[in-house]
Amino acid sequence: MTSTNRKVRTRFAPSPTGGLHLGGVRTVLFNYLFTRQHNGQFILRIEDTDRTRFVEGAEAYIYETLAWCGLNPDESPAIGGPFGPYRQSERKAIYGRYAEQLIRDGYAYYAFDTPEELEAMRTQYKTAENPSPRYDSTLRGKMHNSLTLSSEETKKLLDAGTAYVIRLKVPENETLRFTDMIRGEVVFNSSETDDKVLLKADGMPTYHLAVVVDDHLMEITHSFRGEEWLPSAPVHILLWKYLFGLENMVTWAHLPLILKPDGNGKLSKRDGDRLGFPVFAMNWTDPRTGDFTKGYRELGFLPEAFVNMLAVLGWNDGTEQELFSMEELLQKFSVEKIHKKGAKFNYEKALWFNKEWIKKLSADQLKPQVIYWLKNAGIDISGKEDQLPGIIEQVKDRCTLLSDFVEQTSFFFQAPEKLDLDAVLKKWNDQKNSFFIELIRGYELATDFTPENLEHSFKELAAASQLKPGELMLPLRIMLVGGKFGPHVFDIAAAIGAKATISRIKYALSLLENHSKDA
RNA sequence: GGAGCGUUGGUCAAGGGGUUAAGACACCUCCCUUUCACGGAGGAAUCACGGGUUCGAUUCCCGUACGCUCUACCA
């Protein structure tokens, strides 16, 4: 009946008020997957009708986030399209016309109540049973509007330039229903919704008017939005009915919320700050306050992992599979399998996804990212680029975040800055010291510096010195790597070469000697 | 207060009238590993509660409880 024969068109309609929240990106993802599966078009529309909340740079941030995630729109303010403009602030006149039309048709009215009057109404009618009185059919007769005023009075006020809003005249006791793609049929009674403001005093529309008008004008067929919008669906249903016909209404899908890990409730940026994980996709600095908020990208997440993690937060294909590439998501995603229940966000699991994706990607695929992180950390890899894929291959199973590549690979390029001497000091003695002096001699003479040869001569010397190799390997590791981590120690020695190996051993020996003296 | 939505292990979840109720994260034990990881083996749930329907309900229906969202000239 509705849009089955129309070309699928969806939209993501964020407000440019700050960084993009996890939930926002997931909404984009589901939009995108659904749209691509139906060979439709995905539109980015900027809902900047609230001038007071507009934040410079937020729109650019949105483009960058979508690009990073590989979720680019087909139409947007930046790239244009046949249904522009795509910024609601630039469509102001359009909404005004529809609001006036609603008034002419008797579905809306002018309201002149000042904020103070509204406040007075709320306190006056507030009772224990009704803590938040609404501007609705029961009360509008008592307020200052074109329904209670004579048409002459109304005209006079309008002509005098009196500030006004246009409110929807919500009918009494009307059953309003629609079929949600995720929840099935949802029913409301119109008496439960108030006379929502459609057009604000500054002439800008509220979300309710703008979303319906634009969805119609932009020929949107399916609308994915967060569950927090469900209670305002009756307003939108009414608007569709009065303006464009219920038969043309978009098909809605109200997505479950992403909840905070502890306790309950919507996940907010503050929860991330409090619990120590990002909620925004990328770093964000509020230009007004200077407040800085960390993002997933800069923390060292791969976009593949970020998208994957979001996809399975509230969706699952019914199998055991958890790791999905974008191609697989495009193939397997289905709205029917989106959950109804909100999911508590689990950062540990998000890290796990990143770790899995680092393991999953090849060294070549990881290489540009690793180079970026190493350069950022001031590590000079010049002359060793060719070795990088091999090095990445050796350490990638040990990395959870891309940033971990710095610690896990830096010792291949430069001597460790700090040595975990405590790890060796406890069991250090002259015998071991002599062993390493001998080892240096041996390695200086070594012609074939392969891991196998190095290990072989190391063990031979250990046996000759009557020492257990196990007690010597950790010291060697500390000397070369700086700490108790990393790939096999002889692989590292071979990779950095004889010269570096020997100088690092010598340097460590000198430190150990000083410590022994001190003690 | 009201309305709407929801309720399978600590978390994410599969499943769905008859099952030993999958799997993953985290946690614990062990194996592998002369580091750290990877990997491997194992450990824990009568599916919120109460009624129905049924030969049989975690699965269907109705209540209850609990939770969430909304209740702005914000989206």
Side-chain angles (χ1 to χ4, degrees), chain A residues 13-15 17 47-50 52-53 111 113-115 118 122 126-136 163-167 180 182-183 186-189 191-194 196-208 210-211 225-234 254 256-257 259 261-266 309 312-323 337 339-353 355-356 359 395-400 404 408 420 423 459 462 468-474 476-478 481 483-489:
Chain A
S15 291
T17 53
E47 307 225 341
D48 55 350
T49 55
D50 186 353
T52 62
R53 295 213 307 162
D113 315 273
T114 63
L118 290 173
R122 289 192 183 105
K126 187 173 179 173
T127 60
E129 296 78 49
N130 185 193
S132 38
R134 293 182 297 247
Y135 199 127
D136 60 12
Y164 69 88
V165 300
I166 293 178
R167 283 183 183 269
D180 187 275
I182 295 170
R183 286 150 217 283
V186 186
V187 184
F188 303 88
N189 185 302
S191 296
E192 295 301 333
T193 64
D194 59 346
K196 287 277 182 251
V197 170
L198 263 21
L199 205 70
K200 300 184 267 191
D202 64 359
M204 278 291 192
T206 57
Y207 170 81
H208 303 107
V211 75
R225 56 172 22 169
E227 191 188 341
E228 69 267 32
W229 288 108
L230 208 39
S232 58
H254 288 90
L257 265 18
L259 277 14
D262 57 340
N264 294 301
K266 272 199 285 190
M309 175 252 323
V312 296
L313 239 192
W315 172 83
N316 163 297
D317 78 337
T319 72
E320 287 182 16
Q321 186 173 354
E322 290 194 276
L323 259 25
K337 287 203 169 284
H339 307 147
K340 298 180 176 73
K341 187 177 75 162
K344 286 187 183 178
F345 183 67
N346 184 341
Y347 185 59
E348 295 294 329
K349 188 80 186 233
L351 288 171
W352 177 80
F353 276 108
K355 190 182 219 168
E356 290 301 313
K359 286 195 300 198
V395 307
K396 71 194 185 91
D397 285 1
R398 286 163 237 263
C399 295
T400 297
D404 293 335
Q408 292 292 339
D420 182 6
K459 285 185 172 170
K468 286 181 195 158
E471 291 184 21
L472 299 163
M473 303 251 286
L474 184 67
L476 178 59
R477 170 174 299 281
I478 301 295
V481 175
K484 290 192 271 188
F485 59 91
H488 288 295
V489 70

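Every value quoted in this text rests on a predicted model; they were computed, and no experiment measured them.
The separation between A:E47 atom CD and B:C74 atom C1' is 11 Å, rounded to whole Å. Protein atom CG of A:N346 is 11 Å distant from nucleotide atom P of B:C27, rounded to whole Å. What separates CG of A:D262 from C1' of B:G67 is a distance of 15 Å, to the nearest Å. The CG atom of A:L259 sits 12 Å away from the C1' atom of B:C5 (whole-angstrom rounding). In this structure, A:H208 places its NE2 atom 10 Å from C1' of B:C74, rounding to the nearest Å. Nucleotide B:G67 holds its P atom 17 Å from the CG atom of A:L257, rounded to whole Å. Note: NZ (A:K341) to C1' (B:C66) measures 14 Å, nearest angstrom. For the pair A:D317 CG and B:A24 C1', the computed distance is 13 Å after rounding to whole Å.
Base-pair partner of B:A75: not found among the strands shown (Watson-Crick or G-U wobble, both distances under 3.5 Å). Nucleotide B:G42 forms a pair with B:C28, judged by Watson-Crick or G-U wobble geometry with both contacts under 3.5 Å. Pairing for B:C12 goes to B:G23, judged as Watson-Crick or G-U wobble with the two contacts each under 3.5 Å. Across all strands shown, the partner of B:G4 is B:C68, judged by Watson-Crick or G-U wobble contacts whose two distances both fall under 3.5 Å. Of all nucleotides present, only B:G18 satisfies the Watson-Crick or G-U wobble test against B:C55, with each distance under 3.5 Å. When Watson-Crick and G-U wobble pairs are counted only if both distances are under 3.5 Å, B:G50 pairs with B:C62.
Heavy atoms of A:G483 sit nowhere under 4.0 angstrom from any nucleic acid atom. Residue A:R122 is in sugar-phosphate contact alone, with no base atom involved, counting any heavy-atom pair closer than 4.0 Å across all strands shown.
Between B:A37 and A:K396, no contact under 4.0 Å exists linking OP1 or OP2 to a side-chain N or O. An OP1 or OP2 oxygen of B:C74 is reached within less than 4.0 angstrom by a side-chain nitrogen or oxygen of A:K200. Look at A:K359 and you'll find a side-chain N or O under 4.0 angstrom from OP1 or OP2 of B:G39. OP1 and OP2 of B:G39 both lie 4.0 Å or more from every side-chain N or O belonging to A:K355. Taking 4.0 angstrom as the limit, A:R53 places none of its side-chain polar atoms (N or O) nearer than this to OP1 or OP2 of B:A75. In terms of phosphate contacts, A:T206 brings no side-chain nitrogen or oxygen within less than 4.0 Å of OP1 or OP2 of B:A72. Between A:H339 and B:A14, a side-chain N or O to OP1/OP2 separation shorter than 4.0 Å is present.
For the pair A:R167 and A:K196, the minimum side-chain heavy-atom distance is 4.5 Å or more. The side-chain heavy atoms of A:K200 and A:T206, taken from C-beta on, include a pair separated by under 4.5 Å. The closest side-chain heavy-atom distance from A:R183 to A:P256 is below 4.5 Å.
A 6.0 Å sphere centred on NE2 of A:H488 holds no more than 12 heavy atoms belonging to other residues, nucleotides or ligands.
A salt bridge does not link A:K340 to A:E227: none of the charged nitrogens lies less than 4.0 Å from a carboxylate oxygen.
With a 6.0 Å cutoff to the six-membered ring centre and a 45° limit on the axis angle, A:K355 does not count as a cation-pi contact of A:W352.
Nearest-nucleotide positions on RNA chain B place A:F188 closer to the 5' end than the other of A:K349 and A:F188.
A pairwise comparison of heavy atoms in A:A423 and A:L474 identifies O-CD2, 4.0 Å as the closest pair.
With both ends at atom P, the span from B:A75 to B:C38 equals 47 Å, rounded to whole Å. If you take atom C1' in B:U11 and the same atom in B:C47, they sit 16 Å apart, rounded to whole Å. As rounded to the nearest Å, B:A21 and B:U46 have C1' atoms that lie 10 Å from one another.
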